[in-house]
Amino acid sequence: MHRIISSLIAGIALAILLFSGCKKDDCPSDCDLSLYNPTPYNIVRPQGFAEMVIPSDNPMTVEGIALGRKLFYEKRLSGNNTMSCATCHVQAQFSFTDKGTKFSTGIDGIQGNRNAMALINLGWGHKFFWDGRAATLEMQALGPVPNPIELHESWTNAVAKLKADTAYPRLFLQAFGICEIDSLHAAMAIAQFERTMISGNSKFDKFTRGEVALTPSEQNGFSLFNRDKTDLLSGGDCFHCHGGQGGLFTSNNFHNNGLDSLFTDLGLEVVTGDINDRGKFKSPTLRNIELTAPYMHDGRFATLEDVIEHYNAGGKPSATIDPNMKNLGVGLELSASEKTDLVNFLKTLTDMDYVNNQEFADPE
Ligand code: HEC
Ligand code: HEC
């Protein structure tokens, strides 16, 4: 009787082993390195954009991008399998921001104190987050998983979930030629996907390519954007910090644009420890700005009109205010129609092809 039972158990165990196949990472036959034959991917950059510098240790491949896209939408990266990067960075309508909310809520219902940033043309960025604390996209992508107010999951657990999946071990093998999934390669794949997220087909882009004309109001807004206020001419002075250089509409730098005199969030100073960096924040891209309300690192302004009013008022004084906020106390003194023109120009930066591009959508 005993022998029958034990051989039955052995039989069942064998059957489980056979039917489960060789999918576990400890099964050597599963890691067939001949499957690693990645297809190089070339970034197609919009006209007028600078060349994107790709880190030599993370070259772009079709397989890496596909894996990164899947991970961007992967809810198992969170502690309770309910949230992914895309929960706070919503493509459709919001250009990868958090559905018009001021602050994002993580899996435990806890809110942060910063507004989710739009993810656009990140491949041309240098430092990431409002305070620039991540030097590369790869470093940035490692952050949200263990962050207690975001996905709140250890990378050890997240990696274990990916290893147990039927698809991921092979996808990592095909993208990177590795038999063991790890967090670093997950972040590398996400960074590859993010580098493909390029916006360059707004009305303004079509205008620069000579395909469409701007309305007189948009045209005047464009002039104001690119002009300093002088005794003779009104100007918005926006280009200093949101210059169109390489089509990016950001200086890719950190400035204090006069939001406060006393700072509850120290911004760049949190990272550098330098008091001269107090209240400096990343100058964000203005692309798709129409879709990414509310505005500023703390989402304090609900509308673009509110933002223009802030600059028009000249900003609040402090020791670190940017020299380009040079109309302190007086402001830009724009007329009502000039303010409207500026807003109308900003709306020409909306790129619906970007928010509707299926290449960036959930692959499931
Ligand atoms: C709970 C909401 C939430 C989740 C989940 C989330 N983010 Fe974010 N993301 C934010 C917020 C808020 C910021 C700004 C935080 C700061 O500056 O401190 C941000 C900033 C970023 C930035 C910086 C952009 C720039 O221009 O500097 C990138 C890139 C980014 N997130 C990518 C990701 C990726 C990739 C994931 C998934 C691994 C992810 N995010 C998950 C809310 C979220
Ligand atoms: C001195 C540099 C500087 C100048 C000049 C400047 N900005 Fe900004 N801008 C910034 C910085 C820095 C931020 C982010 C500040 C923060 O959140 O603390 C910002 C934020 C914004 C935002 C909100 C972006 C978002 O994603 O939330 C808009 C819109 C904007 N600026 C438009 C303009 C316009 C229009 C002008 C000209 C009238 C202008 N800026 C002039 C530096 C500048």
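Just so you know, ligand 1 is whichever comes first in the structure, and atom 1 is the first atom listed for that ligand. A quick note: this is a predicted structure, and the numbers were derived from the prediction, not measured. Numbering starts at 1 and runs along the sequence shown.
For atom 8 (Fe) of ligand 2, the set of protein N/O/S atoms nearer than 2.8 Å consists of His242 NE2, Tyr311 OH, ordered by chain and number.
Residue-to-ligand polar distances place Arg133 within reach of ligand 1: an N/O pair is separated by less than 3.5 Å. Residue-to-ligand polar distances place Trp130 within reach of ligand 1: an N/O pair is separated by less than 3.5 Å.
With ligand atoms numbered from 1 in the order given, ligand 1 contributes 12 (C), 14 (C) to contacts under 4.0 Å with heavy atoms of Asn115. Of all the atoms in ligand 2, the ones that sit under 4.0 Å from a non-hydrogen atom of Ile289 are 24 (C), 25 (C), 26 (O), 29 (C). Using a 4.0 Å cut-off to heavy atoms of Leu259, the atoms of ligand 2 that qualify are 16 (C), 18 (O). Near Ile308, meaning under 4.0 Å from any of its heavy atoms, are these atoms of ligand 2: 35 (C). Here is the list of ligand 1 atoms found below 4.0 Å of a heavy atom in Ser84: 5 (C). Contact atoms of ligand 2 toward Asp237: 5 (C) (distance under 4.0 Å to a heavy atom of the residue). The Ile190 neighbourhood of ligand 1 comprises atoms 35 (C), with distances under 4.0 Å to a heavy atom of that residue. Proximity to Leu151 (heavy-atom distance under 4.0 Å) selects the following atoms of ligand 1: 5 (C). Ligand 1 places these atoms under 4.0 Å from at least one heavy atom of Lys282: 25 (C), 26 (O), 27 (O). Which parts of ligand 2 touch Gly236 is read off a 4.0 Å heavy-atom cut-off, strictly below it: atoms 37 (C), 38 (C).
For the pair Asn357 and Gln91, the minimum side-chain heavy-atom distance is below 4.5 Å. Residues Phe128 and Lys282 are in side-chain contact: their nearest non-hydrogen atoms beyond the backbone lie under 4.5 Å apart. Side chains of Phe96 and Ile120 form no contact here, defined as non-hydrogen atoms less than 4.5 Å apart. Two residues are said to be in side-chain contact when any heavy atoms from C-beta on lie closer than 4.5 Å; Thr348 and Leu214 meet this criterion. Side-chain contact check for Leu67 versus Phe176: some heavy-atom pair is nearer than 4.5 Å.
At the shortest separation from atom 17 (O) of ligand 2 among protein heavy atoms lies His297 N, 2.6 Å. Nearest protein heavy-atom neighbour of atom 12 (C) of ligand 1: Arg114 O, 3.3 Å. The protein atom (non-hydrogen) at minimum distance from atom 35 (C) of ligand 1 is Glu194 OE2, 3.4 Å.
Side-chain polar atoms of Asn253 and Lys280 form no donor-acceptor pair below 3.5 angstrom. With hydrogens and angles left out, the side-chain atoms of Ser84 and Glu74 include no donor and acceptor closer than 3.5 Å. The closest side-chain donor-acceptor pair between Asn288 and Ser199, if any, does not fall under 3.5 angstrom.
Of the candidates Glu290, His240, Arg300, Met296, the one placing a heavy atom closest to atom 20 (C) of ligand 2 is Met296. Closest to atom 23 (C) of ligand 1 by heavy atom, among Phe193, Phe129, Phe72, is Phe129.
The existence of a salt bridge linking Glu309 and Lys339 is confirmed by a sub-4.0 Å separation between a basic side-chain nitrogen and an acidic carboxylate oxygen. For the pair Glu218 and Lys206, the salt-bridge criterion is not met [side-chain N within less than 4.0 Å of a carboxylate O]. For the pair Arg69 and Glu359, the salt-bridge criterion is not met [side-chain N within less than 4.0 Å of a carboxylate O]. Salt bridge status for Asp237 with Lys229: absent, with no side-chain N to carboxylate O gap under 4.0 Å. Salt bridge annotation for Arg76-Asp165: present, with a cationic side-chain nitrogen under 4.0 angstrom from a carboxylate oxygen.
Here salt bridge (charged side-chain N to carboxylate O under 4.0 Å, His left out) pairs that include residues 257-271, with residues two or more places apart or in two chains, are Arg114-Asp265, Asp260-Arg300, Glu269-Arg278.
Using a 4.0 Å cut-off between heavy atoms, Thr285 makes no contact with ligand 1 at all. Counting heavy atoms under 4.0 Å from ligand 1, residue Leu122 touches it through the side chain alone.
By the 30° and 60° cut-offs, the orientation of the rings of Phe225 relative to His242 is tilted. Ring geometry for His297 against Phe281 counts as parallel: the plane angle stays under 30°, on a 0 to 90° scale with 60° as the upper cut. Classified by interplanar angle (parallel below 30°, tilted 30° to 60°, perpendicular above 60°), the ring pair Trp124/Phe49 is perpendicular.
Remark: Lys163 fails to qualify as a cation-pi partner of Phe172 under the 6.0 Å distance and 45° angle criteria applied to the six-membered ring.
Protein N/O/S atoms closer to atom 8 (Fe) of ligand 1 than 2.8 Å number 1 in this structure.
Heavy atoms of Thr87 come nearer than 4.0 angstrom to ligand 1 in no pair at all.
For Ser202, the side-chain hydrogen bond (donor to acceptor under 3.5 Å, both in side chains) partners two or more places apart in sequence, or in a different chain, are Asp205.
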